[in-house]
2 protein chains.
Amino acid sequence: MVAERAGTSIATVSLVVNGKDRGRVSAPIATRVRDAVEELGYVVDHAASSLARGSGDLVVLIAPDLSNPFFAEVIRGVRDTVGDRFQLVLSVTERGAQPVAADVRRFERLRPAGILVDAPAAGEAMTATVPVVLLDAPGGSEAVNYDLSPGVHDLVRHLHEQGHRRVGYLDGTSRATTFGVRRELFEQACAAAGIAVSEVTARADLTVDAAASATEHVIEAWQEDGVTAVVAAADTLAYGVLRVAGQLGIAVPGHLAVAGFDDLPSSSVTAPALTSVALPGADLGRAAALRLLATLDGIAPESASLPTHLVRRASTGA
Amino acid sequence: MVAERAGTSIATVSLVVNGKDRGRVSAPIATRVRDAVEELGYVVDHAASSLARGSGDLVVLIAPDLSNPFFAEVIRGVRDTVGDRFQLVLSVTERGAQPVAADVRRFERLRPAGILVDAPAAGEAMTATVPVVLLDAPGGSEAVNYDLSPGVHDLVRHLHEQGHRRVGYLDGTSRATTFGVRRELFEQACAAAGIAVSEVTARADLTVDAAASATEHVIEAWQEDGVTAVVAAADTLAYGVLRVAGQLGIAVPGHLAVAGFDDLPSSSVTAPALTSVALPGADLGRAAALRLLATLDGIAPESASLPTHLVRRASTGA
DNA sequence: CTGAAAGCGCTTACAG
DNA sequence: CTGAAAGCGCTTACAG
């Protein structure tokens, strides 16, 4: 239709709308085509275009839980980076489960330009016929990760300075590898610093409610065990600890110091404000998108490891 | 490849993988095809399939702000309803802006089976070549909406019973129509009940921080104006009011009652627990998805209006 | 019950 | 600089 109206061929229209007309199509014809496109409100068919070209302009981001403010940040970083060149679409897994290989498979069918997978389940081989970049998947070679070491070491040193010698750890139930790494690094750093990690263990789903109820179950045991500080694997979990402490009248940080991971925006406004190992979500999204773009442009992506640092706030007496 | 391995034709394979083989393909051949599909890990190409068929199996949900727990609920409802029949993909607008017609246009290219638009900007004509269902867009005919009346009237009656005669209203800055409706209904109901709505107005983006800082600006004026209760257009906003009241030592509900809209999961656990007009997000998502499915099946969808009700909690002295 | 063939709307060598 | 033609991987009447 457009070709007919512009008095030219379909091939020429294709060149013009794809911006490949430089030096291939004369200016007057290109203008006629653009006018026709405008008047007809023509928009290239995505399916046909993807089919002919072999892949489309979609970038898929698969994440476990979009309602988590952390992922909102990641999404922002990805979007800012892929910009107008690609169309970003999101997919959430069922009930916050970690993305698995089958999720990638399902989106491969869409022939996206690339797939980003945030916090994939451990041990899943995320290979596809399109480029895949993993976010926050320690161990994967195709991944963009945080370097948790500096943040964790700062945290442990800070706790030590504040006089804590026995701490509790509230872990997540998530299958994401990053939680294993957080815990391991933390325990190693504690051992090195002469801080004992209580044998009383607790874990919860990544919600305030779940964390609160897990905390209720172990808080007495922690107290009896001489724990003076609790570190949670995520800020959301730490909020649960804060809530229970508040309800039980346990002074924070006086009787119990609390810290988390993520440094969510709301962590500066909890009561008391939460000390946290900052994992800049937008940076992660940006780095992952850059890596994907590099791959698509045929450039060997450099492996990215994003710095982390400790944000000291009132919950640990800072 | 699959056809070759199964010793049959491409057409037959197509019938089998699309489950259209009943009475058209013999059992042994169908089995051979399925085996071949299994062994080769074959998955139908979405682009080619969409192109040949005219439309695909994608359902697109465009929403302004996925990090809002309310939308997380909506998404859950949609997903539960579209199930395996369609592939749900999400799109977030830039910086939480209300979805506009251009967003719909952009996703039309994907040839989805249908498009769901949550909280679209007011006055946008959301027409497309594929079925579009609007969520929470009062006034639109293709929309699934809440019937806010019962909830708002219960709220006003409740405030009246608690002795409030002068209230403040904290509005959202969102362009979504629903906020206008909330305010209007509330003011009408107040007028009818003999409650004055303070002229001191405040509005904020839908975040706790923004609401808190907006509240800080007007709280004194409200107090001077004799306001004894504040109603916020969303629970997220009400959290900001609660925070400021807490910081200033204003007793809730003793000196100031607070209520919101949405009844987010976290509203039962704020301090104090928040009275709220419940807008069941999952129900909205479910109703919208059902409406889309009905349209796709050629059934005239019945217009849906979802009931709302008041959840009374401690923040208004309940 | 099965398969050859047209066609979905594009893109891209290729020939002119 | 321009256009005719092949082909992307499917689906679906249609003929057998």
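Below, read A as the first sequence line, B as the second, and so on, with proteins coming before strands; counting in each chain starts at 1. These figures come from a predicted structure and were not determined experimentally.
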Task: Position toward the 5' end of DNA chain D (nearest nucleotide), B:Ala47 or B:Thr12 - done: B:Ala47
Task: Touch class at under 4.0 angstrom, heavy-atom based, for A:Arg53 against every strand present - done: sugar-phosphate
TODO: Extract, from 5' to 3' on DNA chain C, the first and final nucleotides lying under 4.0 angstrom from some heavy atom of chain A.
DONE: C:dG9 to C:dT12
- [ ] Between A:Ala52 and B:Ala52, just flag the one whose closest nucleotide in DNA chain C comes earlier from the 5' side.
- [x] B:Ala52
Open item on the list: Once you apply a heavy-atom cut-off of 4.0 Å, does A:Ile29 come out as touching a base, just sugar-phosphate, or nothing?
Closed with: sugar-phosphate
Open item on the list: Once salt bridge (charged side-chain N to carboxylate O under 4.0 Å, His left out) is applied, do any residues pair with A:Glu73, and if so which ones, sequence neighbours excluded?
Closed with: A:Arg76
TODO: With sequence neighbours left out, write down each residue that passes side-chain contact (heavy atoms from CB on, under 4.5 Å) with A:Ala121, or none if nothing qualifies.
DONE: A:Gln98, A:Val100, A:Glu124, A:Arg175
- [ ] Would you mind reporting whether A:Arg106 and A:Ile62 have side-chain heavy atoms less than 4.5 Å apart?
- [x] no
TODO: Please identify each residue that fulfils salt bridge (charged side-chain N to carboxylate O under 4.0 Å, His left out) with B:Arg85, with sequence neighbours left out.
DONE: B:Asp297
Task: 5'-to-3' dot-bracket of DNA chain D (Watson-Crick, G-U; under 3.5 angstrom; crossing pairs as [ ]; | other strand) - done: |||.||||||||.|||
Open item on the list: If the condition is side-chain contact (heavy atoms from CB on, under 4.5 Å), which residues does B:Thr295 pass it with, not counting sequence neighbours?
Closed with: B:Pro131, B:Pro301
Task: Residue mapping more 5' on DNA chain C - nearest nucleotide basis, B:Ala11 or A:Asn18 - done: B:Ala11
- [ ] Can you sort out the partners of A:Arg5 under side-chain contact (heavy atoms from CB on, under 4.5 Å), two or more places apart, ordered by chain and number?
- [x] A:Ala36, A:Glu39, A:Leu40
TODO: Remember a base hit wins even if backbone is also touched, and classify B:Ser50 as base, sugar-phosphate or nothing at under 4.0 Å, heavy atoms.
DONE: nothing
Task: salt bridge (charged side-chain N to carboxylate O under 4.0 Å, His left out) partners of residues 40-51 of chain A, not counting sequence neighbours, each pair once - done: A:Asp45-B:Arg111
Open item on the list: Within the 4.0 Å heavy-atom criterion, would you say B:Arg111 contacts the bases, only the backbone, or no part of the nucleic acid?
Closed with: sugar-phosphate
- [ ] Could I get the full list of side-chain contact (heavy atoms from CB on, under 4.5 Å) partners for B:Ala233, not counting sequence neighbours?
- [x] B:Tyr169, B:Asp171, B:Phe179, B:Leu237
